[in-house]
Amino acid sequence: MTNALKTLRGAHVGLRAERDAAVKWYREKLDMHETRAFDLNGMNFAEMALAGDPTFRIELVSGPGADGGPESDDLYASFGSHGWHHLGLWVDDVDAAVETLRDRGVTVTLEPVDNDHWKVRVAFLVDPWSNVIELLQSKV
């Protein structure tokens, strides 16, 4: 029998946020674009595509029942919770991306730093709904 899991590939990650405000934030701050929006069972969904990889999507989910994530700008304190922690996105130049994001009013929780173990340069930011995003730049 063939292992069907060998075909796994990224599709999307779902983030809790207020849909309309999040669509605006992800469009204005991360240059993403909305590919579709719909309502289902009292929940609101919007799919956002990355500018550099339109096949991978961020699905913004809003509706009743969300308590919100940890309210902290301290990246290291945010690692103290179980479950999903952050979304990693590749960029060609972490420093330039952070400068652009800072100009757009985005909260940077870790300034660009080299991680020699993984041969990457990284920075972290947070959206208004406490979703943590890591930017990575290959150093190989």
Side-chain angles (χ1 to χ4, degrees):
M1 180 189 292
T2 304
N3 183 349
L5 297 179
K6 291 184 184 259
T7 64
L8 282 174
R9 58 196 178 280
H12 70 268
V13 63
L15 303 179
R16 286 292 297 214
E18 194 284 306
R19 181 178 69 183
D20 295 336
V23 165
K24 182 178 184 217
W25 191 89
Y26 278 86
R27 183 183 317 116
E28 291 177 357
K29 308 301 185 189
L30 298 183
D31 292 340
M32 298 178 74
H33 65 277
E34 185 177 350
T35 59
R36 67 180 174 160
F38 59 95
D39 297 333
L40 180 66
N41 295 332
M43 303 294 290
N44 313 113
F45 299 83
E47 255 186 12
M48 303 293 290
L50 303 170
D53 181 7
T55 63
F56 183 80
R57 310 290 171 85
I58 293 177
E59 186 176 74
L60 303 168
V61 183
S62 64
D67 292 331
E71 302 266 338
S72 174
D73 289 344
D74 182 344
L75 173 67
Y76 295 104
S78 72
F79 279 107
S81 300
H82 286 284
W84 181 86
H85 181 265
H86 67 275
L87 166 67
L89 300 173
W90 290 107
V91 294
D92 290 340
D93 185 332
V94 165
D95 295 270
V98 166
E99 183 178 326
T100 298
L101 291 166
R102 187 173 285 109
D103 288 347
R104 294 177 180 185
V106 174
T107 301
V108 176
T109 57
L110 180 71
E111 294 296 326
V113 62
D114 290 331
N115 181 320
D116 295 329
H117 298 289
W118 292 346
K119 297 182 179 16
V120 294
R121 186 161 177 80
V122 301
F124 282 81
L125 57 115
V126 65
D127 75 8
W129 302 273
S130 301
N131 294 304
V132 179
I133 301 168
E134 178 184 18
L135 301 179
L136 302 103
Q137 172 188 343
S138 176
K139 298 300 283 185
V140 282

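Along the sequence shown, residues carry numbers from 1.
- What you find for Met48 and Leu60 is that their closest heavy atoms are CG-CD1, 3.6 Å.
- Judged as a salt bridge (Lys or Arg N to Asp or Glu O under 4.0 Å), and not counting sequence neighbours, the contacts of Arg121 are Asp95, Asp114.
- Hydrophobic cluster of Leu40: the remaining members, joined at side-chain heavy-atom separations below 4.5 Å, are Phe38, Met43, Phe45, Val61, listed by chain and number.
- Taking a 6.0 Å sphere around CH2 of Trp90, one finds it holds more than 12 heavy atoms contributed by other residues, nucleotides or ligands.
- Summarising the geometry, atom CD belonging to Glu47 is positioned 10.0 Å from atom NE2 belonging to His33; distances are rounded to the nearest 0.5 Å.
- Residue-environment remark: CG (Asp103) exceeds the threshold of 12 foreign heavy atoms within 6.0 Å.
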Give every donor-acceptor pair under 3.5 Å between a side-chain atom in residues 132-140 and any protein atom, sequence neighbours left out.
from: Glu134; atom 1: OE1; to: His86; atom 2: NE2; distance (Å): 3.0
from: Gln137; atom 1: OE1; to: Val94; atom 2: N; distance (Å): 2.8
from: Ser138; atom 1: OG; to: Val140; atom 2: N; distance (Å): 3.3

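- Remark: Leu125 CG to Thr107 OG1 distance equals 8.5 Å, nearest 0.5 Å.
- Between the CH2 atom of Trp25 and the CD atom of Glu18 there is a distance of 14.0 Å, given to the nearest 0.5 Å.
- In terms of heavy-atom proximity, Val122 sits nearest to Val120 at CG1-CG2, 3.6 Å.
- Residue-environment remark: CG (Asn41) stays at or below the threshold of 12 foreign heavy atoms within 6.0 Å.
- Note on ring orientation: taking the six-membered ring where Trp is involved, the planes of Trp129 and Tyr26 are parallel (angle under 30°, cut-offs 30° and 60°).
- For Glu111, the salt bridge (Lys or Arg N to Asp or Glu O under 4.0 Å) test picks out Arg102, with sequence neighbours left out.
- Take Asp39 and apply the salt bridge (Lys or Arg N to Asp or Glu O under 4.0 Å) test, not counting sequence neighbours, and it matches Arg19.
- Scanning all heavy atoms of the two residues, the minimum distance from Arg16 to Ser62 falls at NH2-C, 4.5 Å.
- Here the straight-line distance linking atom CD1 of Ile58 with atom CG of Leu87 works out to 5.0 Å at 0.5 Å rounding.
- In terms of heavy-atom proximity, Ala22 sits nearest to Ala17 at CB-CB, 3.6 Å.
- With a 4.5 Å cut-off on side-chain heavy atoms, Leu30 and Leu101 count as touching.
- Taking CG of Asp53 as the start and CE of Met32 as the end, the distance is 10.0 Å to the nearest 0.5 Å.
- Checked against salt bridge (Lys or Arg N to Asp or Glu O under 4.0 Å), Asp31 has the following partners two or more places apart in sequence or in another chain: Arg104.
- Separating the CG atom in Asp127 from the NZ atom in Lys29 is a distance of 11.5 Å, to the nearest 0.5 Å.
- In plain terms, the two heavy atoms of Gly42 and Pro64 that are nearest each other are O-CD, 3.5 Å.
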